[in-house]
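Working notes for the structure below.
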Amino acid sequence: MSKRHLLALYGNFEEAEAVVQELRNATIKGFDVNDDMIVKSPIEHPEVERFLGDKPVYVQWFTLVGALLGGILGFSLISGAQANFYMQLKGGKPIVPFPPNFVLTYEMFILGGVFITILGFLICAGLPAKRSPLYSTKVSVDNIAILVEADESAISELKAIFTKHKALEIQEEAGK
Amino acid sequence: MIDSGSVKQMAGHPFDRRDFLKVLGWSGAAVALSGCGNTSVEDGRETVVSYVEANDYMVPGVGVYFNSTCAQCDAGCSINGRVREGRVLKLEGNPDSAINKGRLCGLGQAGVQHHYNPDRVREPLLRNGNKGEAISWEKAYALIAEKLAGVSGEEIAFLSGGVSGHLKVLLGNYLDSLGTKNHFVYEAIAPSVVRAANLKAFGVEMPRYRFDKAQVVLSFGADFLGSWVSPVHFSQQYAQFRKGVNGQRGVLIQVESKMTLTGANADRWLAVKPGTEGVLALGIINALGMATGEVAELVKGYDKARVSRETGVSTGQIDKIAALLKLRSPSLVLAGNAAEGYAHGSQNAAAINLLNQVLGNVGKTIEAPVSVPFPQMVPSKGNTVALKNMNDGLAAGKYKVVFNFAANPVFTAPGAFKFKDNFAKAGFKVAFAHYLDETALQADLVLPLDSALEDWGTQVPEYMTEGAQINIQQPLMERLHANTRGMGDILLGLIKQKKADEYKGFEDYYAYLRGAVLQNKGALGGGGVEDDTFWNDTLTQGIVKLAGTTTSLAAHASAAGLVLPAAAEADEHFPLHLIPGVTASLRDGRHTNQPWLQESPDPLTTIVWDSWVEIHPKKAAELGIVEGDIVQVTSKTGSVKAQVYLFPGIHPEAISIPVGRGHDAMGRYAKGYGVNPFQIMDAVFEAATGELAMHETRVKISKTGQRVLVVKDEGSAGALQMGRKIAGRVSTDQVDLSKEV
Amino acid sequence: MKDIREDIAWAKINQDVMKSLENPRKLYWVILFLALAAFGFGVGCEIYQYRTGMGVENVNNPQVWGLYIATFIFWIGMSHSGTLLSAILHLMHADWRKPIYRFAEAMTTFSLMTAGLFVMVHIGRLWQFYYSLPYPNDRGIWPNFQSPLLWDAMAIFTYLSSSVLFLFVGMIPDLAIARDNMQPGWRQKLYTLLALGWEGTDRQWRNFRVTYLTIACFLIPLAVSVHSIVASDFAMSQQPGWHVTSFPPYFVAGALYSGCAAIITLFIILRYVFRFETYMTLPILKKIVRLTFAIAMVWTYLNAVEFAAVWYSHDEASKAVLIQKMTGTYAPFWWGMIFCGSVVPLVFAFKRFQTNIPVLFAVSLLLNLGMWLERWMIVAPTFSHGYYPWTWDHEQWPSLVAWGMVFASFGWFTLLFMIFCKVFPSVSMYEVKEMVYHRTLHLKKSENAEQGAH
Amino acid sequence: MSVSNLLENWAQVRHEHPNNDKPHDPYKWAMAIDLDACTGCNACSIACYAENNIPVVGKERFQHGQQMHWMRVERYWDEDGREFPDQGFQFLPMMCQQCEAAPCETVCPVAATNHTADGLNSQIYNRCIGSRYCSANCPFKVRYFNWYDYPTDEMVWPAEMQQQMNPDVSVRSKGVMEKCTFCVQRLSAAKVKAKGEGRIVAEGEVQTACQQACPTSAISFGNLVNPDSRVHKQWAAQQVELDKDKQAKNEEEEASELRGYRILEELRAYPSVMYLERVRESAV
C-alpha cells in the first residue's frame with residue numbers, strides 16, 4: 001500500500017507537544033506513532049524526548065570502543081615499533097620505556113575516542129542523510145515540524161489533527 | 001762537505017717518487033664536494049693514470065703517509081702528511097723525530113691551509129702601474145738578468161728570513177755569483193739578544209734546555225710553551241717536568257709583565273714592572289746567598305726591599321722563590337722575549353744567566369748543544385739588526401736590485417723605520433712570494449713559490465735535541481698551480497744565468513738535492529748503501545739523523561760589566577709600555593691568512609679574527625674603559641685603534657697588542673682583520689747588540705667613544721666557573737701523584 | 001543586566017548572523033588586507049631562511065632555540081581558551097558561552113594551525129620533516145617515541161583534529177540554517193555538503209547531544225595534556241630553569257590566560273566588524289573579563305610557586321637562571337612580563353573598566369604581550385644561563401627575519417580567522433536560540449511561580 | 001613491528017643501559033684528560049678542524065656565537081680579589097663527553113642521535129631534521145648546528161680548500177647537528193682491521209686527532225674495557241667509575257688525594273671523559 005508524507009509546522013513547542021500527544025492517543029490505521037513520526041526542531045529540546053518516549057542512544061558505546069581501541073593500538077604500535085628498532089638505543093633508558101609510551105597511549109586513547117565517537121554519531125544519527133521528502137526551511141528559523149508517514153488512508157485523518165491544532169502550514173507529498 | 005763544485009758531476013736520476021706524484025694527481029673516487037678545475041692536474045695537463053693499473057703503493061680510499069718537514073716556523077718539526085687520491089689532507093707529527101716525537105702544534109697543522117690557500121700567487125707577476133701582469137717564467141728570468149746586468153754587488157740586496165740546509169748553500173752560491181755580500185737575514189721575532197748573551201755566558205748561542213731534568217723552572221718571559229724557539233719539543237719536556245721524577249712535580253715560575261701562554265701555565269705568575277727582570281734575577285741571587293766573589297759583590301746592593309720596590313714583586317715572594325730554588329735542584333732559569341726586549345736587554349739576559357750559574361744549572365739542565373757537521377747548512381739566524389742595516393741602505397738609495405724572500409718587512413718593520421717608503425727607493429724589487437703580502441705588493445716582480453708541501457728541500461733546525469738531524473722536505477702532492485716554482489728551482493735557474501757550466505748537470509733542484517745528499521752518503525750514515533736505496537730511505541724517514549758535533553759548554557757568566565739601569569721613569573706623555581704580544585699561532589703574521597689560525601681562539605683572551613688591546617682591569621677602571629671600547633693607542637711613531645680586552649694578566653703600567661694581525665694584503669682571510677702594532681713601534685735599540693728593543697715603545701691611550709662586541713669564545717661569565725666544578729684545581733699538598741698511571 | 005535579550009525574534013537571529021557572512025564593515029577588508037600583507041612578508045622570510053639556513057634567525061650554538069619556539073608555545077597556549085569556553089563551560093551549562101564559543105573554538109583551531117607552522121619554520125631541514133612522522137616503512141625506521149617533541153606532535157595532532165571535529169559537529173545545525181537561507185551558489189553548495197542533510201529531526205538532535213557532550217569531555221583532559229606536554233618539552237629536559245615540577249600547570253594556566261585575553265580582543269573586533277552587538281553583549285564580556293582576572297591571579301600564583309620551589313631546592317644552577325631573568329640581560333623583558341601579566345589585569349578588578357571597550361581592548365593586547373614575553377622568558381634565559389658558564393649569553397638577539405616570521409604568524413592567524421568568520425557563522429545561531437528559549441522558559445516559570453504565590 | 005617480537009624480547013627491550021647492563025663488550029671508548037699537562041695551546045682543536053672537516057665560520061658568524069669548534073679550549077681564572085691571576089689560568093679542552101646516559105639521545109624526535117654498542121653517542125647526519133632539541137638538553141653545550149650551508153660557502157671552503165677535506169668524514173650541510181665523534185672514522189677503520197685479524201683493537205692502535213696532536217700528551221684515549229689500556233688504568237687509579245654519579249672515593253672521610261673527576265657528574269649523564277684536576281704548587 002502506498003505511503004505518503006505529511007509535514008505540519010507549528011510556531012511553538014506547546015502546540016507541537018499537543019499534536020504529538022494527540023497522535024499518540026489516537027489510533028490511526030496505517031500510522032504508527034513510534035515509527036512513522038519525526039519531529040524536527042530548530043533547537044535541541046530536551047522535552048522532545050519526554051513526549052516521544054525513551055529512545056535509546058548508542059553513541060557512548062562507540063566512544064568506549066574507540067577509546068579502548070585507540071589506547072591499546074597506540075601502546076602496541078609504539079612499543080612494537082620501538083622493539084623492532086634497536087638503533088634507537090638511548091643511554092640510560094630501556095628500548096621500550098613506559099613513561100613516554102604512557103603519554104602517547106593517553107593521546108591515542110583520546111584520539112581514538114573522539115574519532116570513533118564522531119563515527120558513531122554519524123551512524124546513529126544517520127548522517128549524512130538523504131533529505132527527507134518534506135522539509136521547510138522554517139524549521140531552521142523557529143518552527144517545529146512534525147513529519148508523518150502514513151498510508152494513503154490515514155492522511156486525511158492526520159491532516160485533520162494538524163489543522164485542529166492550528167498548524168501554520170501543512171505540506172503534502174504529491175500522490176504517486 | 002757539499003758544495004756546488006763537487007756536486008756538479010752528479011747526475012740526478014729522476015726517482016719513481018716523481019712518478020708517484022704524477023700518478024697521484026687525479027682520482028675518480030673524488031673527495032666529497034671536492035673542488036674542480038684548480039689544479040694543473042685537473043686541467044688535464046698531466047697524465048691521468050687509471051686505478052686499474054695503479055702502482056702498488058696506491059690503494060684507492062686508503063691514506064698514504066709521507067714524511068716531510070714543517071715549514072710553518074723554524075723549529076723543524078717533522079711532519080707526517082696523509083695523502084689520499086693525490087691530495088694531502090692532514091699533517092701529523094712524525095714519531096721518529098726527536099724534536100716533536102709525533103706531535104704537532106696548531107700552527108703546524110694549519111700548514112695545509114698554506115698549501116691550499118685560495119689567495120696564493122699563481123703566476124709570475126710584473127708590476128704594471130698598480131697592477132700585476134702575469135708573465136712567463138722565461139720572461140721573468142730574462143728580466144732579472146736584464147736588471148742585474150751592470151749592477152755591482154754593492155748595489156744588490158737580498159733580504160730573507162732564516163734559511164738553512166741546501167737552500168742556504170744555493171742561496172749563498174748565488175749571492176757569491178752576483179758578487180754581493182748584502183744578504184740580510186731578518187726575523188721580526190727572534191731571541192737574538194738572548195743568543196748573544198748565551199754566547200757570552202756559555203759559549204754557545206742556544207744551549208739545550210732540559211726541562212725534563214729540572215725541578216724548578218724560573219722563566220723570565222720565555223714563552224717556551226707557545227712561541228719560543230721550539231715549542232712542541234719544550235711542551236713535551238714540560239709534560240715530563242710536570243709528571244716529575246719520583247713523584248716530585250716540577251714547579252714553573254714565570255716572571256713577565258704580560259702573561260704568555262707559558263705564564264698562564266705557571267704555578268706562580270709574577271707581574272714585574274716592565275724591564276726589571278734583570279733586577280729581580282739579581283735580587284734572587286742576593287736572596288739565595290749562594291754567590292761568592294764578584295757576583296756576591298755585584299748583588300750586594302740588590303737587597304729584597306730595593307728589588308721589591310723596583311720590580312713590584314713582594315719580598316715574601318722573593319724569599320719563597322729563593323727557598324724553593326735552594327731546596328729543589330737542579331733548576332732552570334730562562335730569559336725570553338720579555339727580558340730581552342729592552343734597551344738593556346743584554347744586561348737582563350746576562351743577569352738571568354748569572355742566576356743559572358749561581359744555581360749550578362749549567363751542565364745539568366743547560367746542556368751543550370749539538371750541531372750538524374756541515375757548517376754551511378747550519379741555519380743563518382735572522383735578527384732585526386739586519387733589517388736596520390738594510391733599511392739604512394734603502395734609505396740612502398744604495399740598492400738598484402733588491403730581492404725579498406720569506407720575510408715581510410713592510411708589515412713587520414717598526415713604523416719608525418718607514419720601511420715601505422725606503423723600500424720604494426730601490427730600483428728593481430723582486431719578491432719570492434706565496435701570497436701577495438705587503439712586501440710583495442711593493443715589489444716590481446713577484447715570483448710565485450711552491451708551497452712547503454709541494455717543494456723539495458732540506459732544513460737544519462737551530463734547536464736540536466738528541467743528536468743532530470737534517471730534515472727532509474719533500475712534496476706531499478703534485479703542484480696545485482701549474483706555474484709556481486720551488487725556491488730552490490728558482491735559485492738554480494738564476495744561478496745558471498751566471499754559472500751555467502757549473503750547474504748544467506742539475507736539471508732541477510731535486511736533482512741538485514739528491515746529488516748533494518748522495519755525495520755525502522757516508523757522512524749521513526749511508527756508507528755502503530746503494531744510492532737509490534739510501535735516497536729512498538732518506539725520503540721515507542724524512543729525517544737524517546746524525547751523531548753531530550757537540551760543542552762544549554763554558555760556564556763563564558760573569559758579573560763584569562753587568563749594570564742594570566734603574567727602573568725607567570714614567571714618561572708623562574706616553575705613560576704606558578707597549579708590549580707586542582707574540583701568540584703561538586700567529587707569530588709575526590706570516591700565516592695570518594690561514595683561517596684555522598684566525599678562528600682558533602687566542603688561548604688567553606679567546607678572541608678570534610681581530611686584534612685587541614690588553615689592559616689590566618684596574619688601569620681600565622682608572623681610565624674609565626670597559627671591554628669592547630675602541631681606544632686609540634698612540635706612540636711617538638704613530639697610532640692604531642683597537643678594541644679593549646680587560647685582562648688581569650698584565651702589569652697595570654703596560655698594555656699589549658698582539659702582533660700578526662692587521663694585514664692590508666695577503667688575501668681574504670688576513671686583509672682587514674685587526675691592527676698591526678709594528679706600525680707604531682719606535683726605533684729603540686738594544687744597547688749591546690743593536691737589536692730592535694721591541695718592548696721599549698711607550699704609548700698613551702685614549703677612548704674614541706666607539707664600542708664593539710668583542711668577538712671571542714668565552715661567554716658572559718668570562719673566566720669564571722660560577723661555583724661549578726668545571727676545570728678543577730688542587731694544590732700539591734692535597735694530591736699524591738705517585739699513585740698515578 | 002541580562003546576558004542577552006530574550007525577546008529577539010529567532011528569525012532575526014538567523015538574519016543577523018547570515019548578514020555577517022555577506023556584508024561586514026569595511027574594517028573587515030582592511031584587516032584582511034593587513035593580515036595578508038603580514039603573511040606574505042613571512043612567506044618571504046621563510047623562503048630566505050629555507051635557502052640560506054637557520055642562521056638567519058640569529059640563534060647560535062648554545063642558544064639553539066629562539067623566537068620560533070617561544071611563539072610556538074604562545075600559539076599553542078592561545079588555543080586553550082576555545083576549549084575552555086566550548087567544552088568546560090558547556091559541561092557547566094554556562095549559557096553565556098553560547099554566543100561566543102564558536103569563534104573561540106575557531107580560534108583554537110587556527111592558533112593550533114599557526115603553532116604547527118612554527119614547528120615547520122623552526123626545524124633546520126624542513127624538507128625532511130616527514131622523518132618525524134611515524135609512518136610504516138621497509139627500513140623499519142621510526143621516530144623516537146621517547147622525545148617530548150614527538151609527544152608534542154602527537155598531542156597537537158590529536159588536539160587539532162579533535163578541535164576541528166568538535167567545531168564542525170557543533171556547527172552542523174547552523175550549516176543547515178545557512179543552507180536553507182543562502183542564495184543558490186557555491187556557498188549554498190558548500191553548506192549543503194557540510195550540513196550532511198541535517199534537518200533537526202529528533203533522532204539527529206538526540207545523538208547530537210550525546211556526541212557533543214562526549215567530545216567536550218574528551219577535549220578537557222586533552223587540552224590539559226597538550227599544554228602540559230608542551231611544558232614537558234622543557235620540564236623533561238635537564239636544564240636549569242626548565243626542569244621544574246610546576247611547569248605543566250604553569251603552562252596550562254598561562255595558556256588559558258593568553259587564550260582568554262585573545263578572546264577579549266577578538267570579541268571586541270568581531271562585535272564591531274560583524275555588528276554583533278546584540279549577541280556579543282557587554283554582560284558577556286564582563287563575565288569573560290572576570291574569568292580572565294581569576295586566571296591571571298592563578299598564573300601569578302604559579303609564577304611565585306616556581307620561584308619558591310627553586311628557592312627551596314637549593315639548586316644553584318636553577319637559582320642562577322631565575323636571578324638572571326630578574327637582573328640580567330633579559331630583565332626588561334621579564335619585568336615587562338610581570339607588569340603585563342600580573343599588574344595590568346588588576347584593571348579588571350574595577351567594575352567600571354569591566355565593560356569599557358577601549359580599555360579592555362588595550363588591556364587584552366597588553367596581556368597577550370605579557371604572555372608572549374612569558375614564553376620568551378621561558379625559552380631564552382635557560383639557554384643563555386645554563387649549566388655551563390663558558391657558553392653563557394652570547395648577546396643573542398632575534399634577527400629581523402625571526403621577528404618577521406612572528407609578525408607573519410599573526411597575519412596568518414588573522415587571515416584564517418577572518419576568512420572563517422566570513423564563510424561560517426561565527427555566532428552559533430541555534431545555540432543563541434536555545435539561550436533565548438531557556439531564558440523565556442525561565443521567565444515564564446518565574447511568572448507562573450509568582451502567579452501561583454498569589 | 002610485530003607485537004610478538006615485543007613479547008619475545010621483552011627482557012631485552014626493558015634493559016636499562018648502563019644502569020643495569022653488562023659492560024660494553026668488547027669496546028667502550030673513553031678518555032682521560034690531564035689538565036695539569038694541558039697548556040691550552042689549541043693544537044687539539046685545530047687538529048680536530050683538520051680531521052673532521054669543520055667549517056671556519058668567519059668573524060661575523062663567530063660573533064653571533066655560531067662557531068663550530070667541536071673541541072674548544074676553555075680558559076678560567078680565579079677572581080678572588082687578587083690583582084693578578086698569579087696562579088695562572090686553568091685550561092680545559094671541552095668536547096662531546098660521549099655520555100653513557102646522554103640527555104641528548106632521549107629527546108631527539110627522529111632518533112638521529114643514539115647510543116652505539118661501543119659506548120659512543122652517535123649522530124646520524126642524514127637522519128637529523130634540525131630540531132636542535134639535543135643541543136638544548138646538552139649540559140655541556142658541545143653540540144654544534146650547521147646554521148648555514150658551509151660546504152657551498154665561498155668564504156668557508158673555496159674550491160682550493162675543499163681539496164683538503166677528509167673523505168672519511170661526511171661534510172655536513174645546513175640544518176644538521178654535529179659534534180665530536182671521538183674520530184669515529186678512525187675507530188671504525190681500526191675495528192674493521194682488528195676484526196679481520198680476529199682480535200680486538202689493541203691499546204695504542206688508534207688515536208683520536210686531538211690526542212695525536214697534543215704536544216704534552218695530556219689526552220689519553222682508548223678502550224675502557226681493556227684492562228691493559230692506559231685509559232682503563234687511569235680511571236682505575238683515580239677510582240672513577242663510569243656508571244656512578246657519585247664516586248666512592250669522595251664519600252670517604254679522608255680526602256682521596258686523587259684528582260680524577262667528571263664534569264657535572266651529578267646530572268647522571270655518566271660522561272666518558274675523565275678529567276684530572278690541574279695541580280698547583282703550594283710552596284710558592
Side-chain angles (χ1 to χ4, degrees), chain A residues 13 38-46 48-49 52 55 57-60 63 67 74 77-79 81-82 84-85 87-88 90 93 97 99-101 103-104 106-108 110-111 113-115 117-118 120-122 124-132 135-142 145 147, chain C residues 9-11 13-14 134 136 140-148 150-151 154-155 157-158 161-162 165-166 168-169 172-173 176-181 193 195-211 214-215 218-219 221-222 225-226 229 232 429-431 433-434 437:
Chain A
F13 192 75
I38 294 170
V39 177
K40 299 183 183 180
S41 57
I43 62 169
E44 182 208 335
H45 285 283
V48 168
E49 279 181 34
L52 284 183
K55 293 206 173 176
V57 175
Y58 299 109
V59 174
Q60 62 271 36
T63 309
L77 272 173
I78 291 159
S79 305
Q82 284 167 331
N84 218 41
F85 187 22
M87 270 302 289
Q88 257 192 345
K90 307 289 173 201
K93 310 280 188 294
N101 291 13
V103 174
L104 288 166
Y106 182 78
E107 295 300 324
M108 291 289 274
I110 291 178
L111 189 68
V114 170
F115 274 42
T117 302
I118 299 289
F121 165 62
L122 295 179
C124 294
L127 294 174
K130 267 201 216 147
R131 303 296 299 278
S132 52
Y135 178 70
S136 168
T137 58
K138 283 180 184 150
V139 173
S140 67
V141 181
D142 54 359
L147 177 69
Chain C
W10 289 19
I13 297 175
N14 278 9
I141 296 176
W142 294 91
N144 175 20
F145 296 105
Q146 298 192 21
S147 168
L150 210 80
W151 314 347
M154 192 63 213
F157 173 71
T158 306
S161 50
S162 303
L165 288 174
F166 191 54
F168 171 64
V169 166
I172 290 177
I177 297 176
R179 172 197 66 203
D180 291 349
N181 290 285
L193 184 74
L196 300 177
W198 178 273
E199 290 187 351
T201 67
D202 52 326
R203 177 183 170 199
Q204 287 169 341
W205 279 119
R206 207 162 43 236
N207 286 292
F208 178 85
R209 183 172 51 103
V210 176
T211 306
T214 312
I215 302 179
F218 271 123
L219 270 186
L222 178 58
S225 83
V226 167
I229 284 176
S232 305
M429 294 179 269
Y430 77 94
E431 274 166 301
K433 288 175 193 169
E434 279 175 15
Y437 180 69

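Computed from heavy atoms alone, side chains included, the values below leave out hydrogens, waters and symmetry copies. Every chain is numbered from 1 and lettered A, B, ... according to where its sequence line falls, protein lines coming before strand lines.
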Between C/Ile13, C/Ile141, C/Val169, the one whose heavy-atom pairs under 4.5 Å with chain A are most numerous: C/Ile141
Contact leader toward chain C among A/Ala67, A/Pro99, A/Gly126, where contacts are heavy-atom pairs under 4.5 Å: A/Gly126
For chain A, the option from C/Ala176, C/Ala178, C/Ala155, C/Pro148 that forms the most heavy-atom pairs under 4.5 Å: C/Ala155
For the student: nearest non-hydrogen atoms of C/Tyr430 and A/Pro42, plus distance: CB-O, 3.7 Å
Any donor-acceptor N/O pair, C/Asn207 side chain to A/Cys124 backbone, under 3.5 Å: yes
Per-residue contact mode, C/Ser162 against chain A (heavy atom under 4.5 angstrom): both
Distance-minimising heavy-atom pair for C/Gly197 and A/Arg131: CA-CD, 3.9 Å
Any donor-acceptor N/O pair, C/Glu434 side chain to A/Glu44 backbone, under 3.5 Å: yes
Part of A/Tyr135 lying under 4.5 Å from any heavy atom of chain C: side chain
Intermediate values then yes/no, side-chain contact (heavy atoms from CB on, under 4.5 Å), C/Arg203 and A/Lys55: CA-CA 9 Å; C/Arg203 177 183 170 199; A/Lys55 293 206 173 176; over 6 Å; no
Max heavy-atom pair count under 4.5 Å with chain C, selected residue of A/Val114, A/Leu147, A/Ile118, A/Ile43: A/Ile43
Nearest-0.5 Å distance, CZ of residue C/Phe218 to CG of residue A/Leu111: 10.0 Å
Note, C/Trp205 side chain near A/Val39 side chain (heavy atom, < 4.5 Å): no
By side-chain contact (heavy atoms from CB on, under 4.5 Å) - contacts of A/Val141 (at least two apart): C/Ala11, C/Asn14
Mutual orientation of the aromatic rings belonging to A/Phe13 and C/Tyr437 [parallel < 30°, tilted 30-60°, perpendicular > 60°]: perpendicular
Closest-packed option against chain C by number of heavy-atom pairs under 4.5 Å, given A/Pro128, A/Ala125, A/Pro97: A/Ala125
C/Ile172 side chain near A/Phe121 side chain, heavy-atom distance below 4.5 Å: yes
Minimum heavy-atom distance between A/Leu127 and C/Leu196, given as atom pair plus value: CD2-O, 3.2 Å
Residue pair C/Asp180 / A/Thr137, side-chain donor-acceptor N/O under 3.5 Å: no
Option from C/Leu222, C/Leu219, C/Ile215 for which side-chain contact (heavy atoms from CB on, under 4.5 Å) with A/Ile110 holds: C/Leu222
From A/Ser79 atom OG to C/Phe145 atom CZ, the distance as rounded to the nearest 0.5 Å: 9.0 Å
Side-chain heavy-atom pair C/Gln204, A/Lys40 within 4.5 angstrom cut-off: no
Heavy-atom pairs under 4.5 Å with chain A, option from C/Gly140, C/Pro134, C/Pro173 with the top count: C/Gly140
Contact check, side chains of A/Met108 and C/Thr158, non-hydrogen atoms, under 4.5 Å: no
Which of A/Gly113, A/Ala129, A/Ser41 touches chain C most, by non-hydrogen pairs under 4.5 Å: A/Ser41
Any donor-acceptor N or O pair under 3.5 Å, side chains C/Glu199, A/Ser132: yes
Best-contacting candidate, A/Asp142, A/Asn101, A/Leu122, against chain C by heavy atom pairs under 4.5 angstrom: A/Asp142
Side chain proximity check, C/Pro221 to A/Tyr106, heavy atoms < 4.5 angstrom: yes
Validation row: A/Gln82, C/Asn144 side chains within 4.5 angstrom (heavy atoms): no
